[in-house]
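Below, each value reflects all heavy atoms present in this structure, side chains not excepted, and no hydrogens, waters or symmetry copies. Just so it is clear: chains get the letters A, B, ... in the order the sequence lines come, proteins before strands, and each one is counted from 1.
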4 protein chains.
Amino acid sequence: MAGPKKLTRAEQKALRPIQILDAAFEEFVKSGFAGTRVEDIADRVNVTKGTVYVYFETKEKLFEAMINHFSVPFQELLAVTDALSGSATDRLTSILGLLYEQIAEDRPTRELTRLVIAEGHRFPDLIDRHHDQFIEPIIAKVDALILEGVASGEFREIPVEFSDIVVAPILTTTVLRLIFDNRRVAIPNKEEFLRAYFDLLLNGLLAKPL
Amino acid sequence: MAGPKKLTRAEQKALRPIQILDAAFEEFVKSGFAGTRVEDIADRVNVTKGTVYVYFETKEKLFEAMINHFSVPFQELLAVTDALSGSATDRLTSILGLLYEQIAEDRPTRELTRLVIAEGHRFPDLIDRHHDQFIEPIIAKVDALILEGVASGEFREIPVEFSDIVVAPILTTTVLRLIFDNRRVAIPNKEEFLRAYFDLLLNGLLAKPL
Amino acid sequence: MAGPKKLTRAEQKALRPIQILDAAFEEFVKSGFAGTRVEDIADRVNVTKGTVYVYFETKEKLFEAMINHFSVPFQELLAVTDALSGSATDRLTSILGLLYEQIAEDRPTRELTRLVIAEGHRFPDLIDRHHDQFIEPIIAKVDALILEGVASGEFREIPVEFSDIVVAPILTTTVLRLIFDNRRVAIPNKEEFLRAYFDLLLNGLLAKPL
Amino acid sequence: MAGPKKLTRAEQKALRPIQILDAAFEEFVKSGFAGTRVEDIADRVNVTKGTVYVYFETKEKLFEAMINHFSVPFQELLAVTDALSGSATDRLTSILGLLYEQIAEDRPTRELTRLVIAEGHRFPDLIDRHHDQFIEPIIAKVDALILEGVASGEFREIPVEFSDIVVAPILTTTVLRLIFDNRRVAIPNKEEFLRAYFDLLLNGLLAKPL
DNA sequence: CATGAATGAGAGTTCATTCAT
DNA sequence: AATGAATGAACTCTCATTCAT
C-alpha cells in the first residue's frame with residue numbers, strides 16, 4: 001500500500017551510509033581522492049561534514065568503503081560465469097560479452113577503473129585486492145577456457161600467458177570512454193562492437209590465414 | 001680537469017626549467033595533481049618553492065608544461081610511421097610494434113597515460129590536445145592501413161570504425177602495467193608479447209576459421 | 001550571581017562576527033588593508049585564522065563588512081537632522097554641531113575617513129557608496145538650508161555650489177586629528193571650537209564687512 | 001647644439017635615482033606602501049628590481065626619499081610668502097591663494113597628503129617632519145597675519161588658536177579631490193572657488209552680522 | 001544521531017632582499 | 001652600474017578533523 005515516500009527513522013538511519021557512499025563515489029570520480037572535499041560529499045546528501053564522520057572515521061576509510069561498495073556487482077558477475085555451458089567458443093564469447101557489459105558499459109565499474117588507475121599509488125591494498133578479486137579470476141577463467149578449447153581442438157594453440165590480449169578490447173574501450181567520455185570518441189553500439197570484436201578475435205585479420 | 005661540477009650561470013639557467021619539469025613529472029606521477037606539493041618538486045631539484053615560481057606561474061601551468069614536455073617523443077614517433085614500406089601486414093605490425101615500444105614500454109609515455117586518465121576532469125584542454133595529437137592520428141593511420149590491405153585483398157573486410165580493437169592489446173598492457181607495476185602482473189617480454197599479439201591478430205583464435 | 005563568564009553556544013555565535021569586525025577595525029586602522037594580517041585580527045579575538053574565514057570569505061569581504069558595520073551610526077545621524085526646527089541659523093549650526101560630534105569626535109567615523117582616503121583606489125565601490133550615503137546627503141542638507149536662509153533674508157546670497165566651504169572646518173579638524181593624533185596638534189575643546197567656527201562662519205573676519 | 005635626446009653616461013646615471021623616485025611616487029600613490037611592489041617601480045623605469053636596490057637600501061628608505069623629493073616645491077612656497085606686502089587682507093588672501101594652488105591643485109602635493117594620512121602610522125618620523133616643515137609654518141604665518149590685522153583694526157578679534165578654520169576650505173577641497181577624483185565631485189574652477197571662499201571668510205554668512 | 005563552530009597544520013603564492021656575474 | 005636567479009619568510013586561504021551541544 002505504502003509508496004516509497006516516508007521512511008521510518010530506522011530506515012532513514014540504515015540508508016545514510018549508503019547515501020554517503022553514493023555521494024562519495026560521485027565526488028571522488030569527479031575530483032580524485034586528494035581533490036575531493038568531505039564537505040562536498042556531505043552537501044550532496046544534505047547533511048553536514050560532522051555526519052560523514054559519524055559513519056566513516058576518515059576520508060581514506062570512506063574512500064575504501066566506497067570502492068568496496070561499488071565492487072559488489074562485479075563480484076556477482078564472476079559467479080554467473082561459472083554457470084555457462086556450450087562450446088568453448090560459446091562460453092568464451094558469453095564471458096567476454098558479460099565483461100563488456102559490466103566493465104565498459106556500467107558506469108560505476110568504469111569509474112572504479114579510473115580510480116584504481118589514478119589512486120593506486122596511494123592505496124596499495126586497494127590495488128592488491130582489485131587484482132585478487134577481479135583481474136586474477138577473469139584471467140584464470142579466460143585461460144581455462146582457452147586451454148579447454150585447445151584441448152578439444154576448437155582453438156589453435158596460443159601462448160596462454162598473454163591471454164590479456166584476448167580481453168584487451170574491453171579494457172581499451174573502457175579506458176577510451178573514461179578519457180573522452182562524450183567528447184570526441186563516439187560511444188560504440190554494443191551489438192556491433194561485439195560482433196566486430198568476436199569476428200576479429202576468432203577469425204583474425206588475414207584473408208588467407210598462414 | 002673539467003668535471004660536470006660547475007655550470008656557468010647561463011647553463012644553469014637553461015637547465016633549471018628542464019630539471020623542474022623532470023621533477024614535476026616524478027611527483028605528479030607519484031601523487032597526482034592535487035596530491036603533489038610544489039615544495040616536493042622543488043626539493044627534488046634542491047631549490048626552494050620560490051624558484052619553481054620563477055619559471056612557472058602556477059602549479060597548473062607547471063603541470064601543463066610538464067605534459068607538453070613529455071609528449072614530444074611521442075610526437076616524433078608519429079612522423080616515423082609515415083616512412084614505412086612493404087606489405088600492409090608488414091607496415092601494420094611495424095606500426096604496432098613501434099607503438100608498443102613508445103606507449104607500453106616507455107615509462108614517461110606510460111605515466112602520461114595515467115595522468116590523462118586521472119586528471120582529465122580537471123584539464124579538459126589536455127584531453128582535447130591528447131586526442132587530436134595522439135589518438136586521432138594513430139587511429140587514422142591504422143584505419144588507412146586496414147583499408148589498403150582490404151583493397152589489395154590482403155585483409156578480410158572488417159568494420160573500420162572499430163579499429164581500436166586492433167590496437168587494444170597495446171593500451172591494455174600499458175594500463176595493466178600502470179596499475180600493477182612490479183606487483184602481481186609480470187612485465188611481458190617484448191618479443192614474445194608481440195609474436196603472440198600479431199599471431200592472434202592476423203590468424204584469429206579458431207583452428208578452422210569460419 | 002551570574003557574571004559575563006560563560007556564554008551559550010548561540011550567544012557566542014551571535015557575538016563572533018561582531019568581535020571580528022571590531023578587531024578588524026583596529027587592525028585595518030593601524031596598518032591599512034594591505035598591511036594587515038588576518039592572523040592579527042584573529043589573535044585579537046583569541047581565535048585562529050580559520051575562524052575568521054568561517055565568517056568572512058576573504059580579507060576583502062571582511063574589510064567591506066567592517067566598513068559597513070561602522071557606517072551605521074553615521075547613517076542614523078542623517079535621520080536626526082531632518083527633525084530640526086528653528087531659524088535657518090539655528091538649524092545650520094545644529095547640523096554642523098552634530099556633524100562635528102559624529103565626524104571629528106567619534107573615533108570610528110574619523111578612522112573610517114582615513115580608510116576611505118587611504119584605500120579608495122582599491123575599493124572603488126566603497127568610495128561610491130561613501131559618496132552616495134554620506135557626502136551627498138550632507139551637502140544636499142546644507143545647500144537646502146542655505147537657500148532657505150537666503151530666501152528668508154536671513155543669509156546673504158552665496159554661491160551654493162561651494163557649500164563644502166561651509167562644512168570645511170569639520171573635515172579639516174578631522175583630518176588633522178587623523179594625521180597628528182596626540183602628537184603635536186592639540187585636540188580642540190568642542191565648545192570653544194564650535195563657538196569660533198560659528199562666529200567666523202556667520203560674521204566673517206572683517207571688522208567692517210564690505 | 002644637442003637637443004634633449006641623447007644623454008651621456010654620466011647624465012644617465014644622475015637621472016636614474018630621479019626616475020626611480022618619480023616611478024615610486026606613482027606606484028605608492030596607486031597602491032599605498034604595503035601594496036606597492038618594488039618590481040612595479042622598477043618596471044616603470046625599465047630597469048630590474050636589483051637596480052632599485054643599487055640606489056635605495058630598502059623599500060622604506062625609498063618611500064621616505066620619495067616623500068622628501070616631492071616636498072621640495074612646497075618648501076619653496078613658504079619662502080615666497082615672506083615677501084608679500086599690502087593690507088592684512090591682501091596678504092592673507094594672497095597666501096591662501098598660493099596655498100590653494102600648491103596643495104589643492106598640484107597633484108604631487110595633493111597625493112603626498114594622501115600618503116601622509118594613509119601611511120602615518122607606519123612612518124611616525126614622516127609625520128613629525130610634515131608637521132614641522134608644513135603645518136606649523138603655515139599656521140604660524142596665518143596666525144601672525146590675523147594678529148596683525150586685529151592690531152590694525154582691519155579684522156575682528158578672533159581666537160587665534162583655531163586659525164585652522166581659516167585654512168580649512170583648502171584642505172577640505174584637497175581631501176575631497178583625493179577621495180572622489182574625477183568621479184562624482186566636480187573639480188572646482190579656481191577663480192570662482194577662491195572668490196566664494198574669500199567672500200565668506202571675510203564677510204560671513206549673515207545678512208546682518210551680529 | 002546530527003550539527004557546525006573551531007581548529008591547526010599546511011598548501012599555493014608573493015615579494016623584499018641578496019649576490020654572483 | 002645593472003642584472004635576474006634564487007631565497008625564505010610571510011601571507012592568504014583551505015580543509016580534514018574534533019567536540020560541545
Anything below 3.5 Å on both distances counts as a pair; with that, list the stems of at least three consecutive Watson-Crick or G-U pairs involving DNA chain E.
E:2-21 with F:2-21

Please find out if less than 6.0 Å separates the ring center of D/Phe33 from that of D/Phe123.
yes

Between [atom2] of [N] and [atom1] of [X], the distance in whole Å:
X       : N      : atom1 : atom2 : answer
A/Tyr53 : E/dG4  : OH    : P     : 16 Å
A/Gln19 : E/dA2  : CD    : P     : 10 Å
C/Lys61 : F/dT14 : NZ    : P     : 10 Å
B/Arg16 : F/dA5  : CZ    : C1'   : 9 Å
D/Asp43 : E/dA16 : CG    : P     : 12 Å
A/Glu27 : F/dA16 : CD    : C1'   : 15 Å
C/Lys49 : E/dG12 : NZ    : P     : 14 Å
D/Glu39 : E/dA16 : CD    : P     : 9 Å

Ignoring the backbone of A/Tyr55, work out which of E/dT17, F/dT3, E/dA2 is nearest its side chain.
E/dA2

So, C/Lys49 side chain and C/Ile41 main chain: donor-acceptor pair closer than 3.5 Å or not?
no

I'd like to check C/Arg16 versus C/Val54 (side-chain heavy atoms, cut-off strictly below 4.5 Å). Are they in contact?
no

Using a heavy-atom cut-off of under 4.0 Å over every strand shown, decide if A/Phe56 touches base, sugar-phosphate, or nothing.
nothing

Under 6.0 Å from the CD atom of C/Glu60, do we count more than 12 heavy atoms belonging to anything else shown?
yes

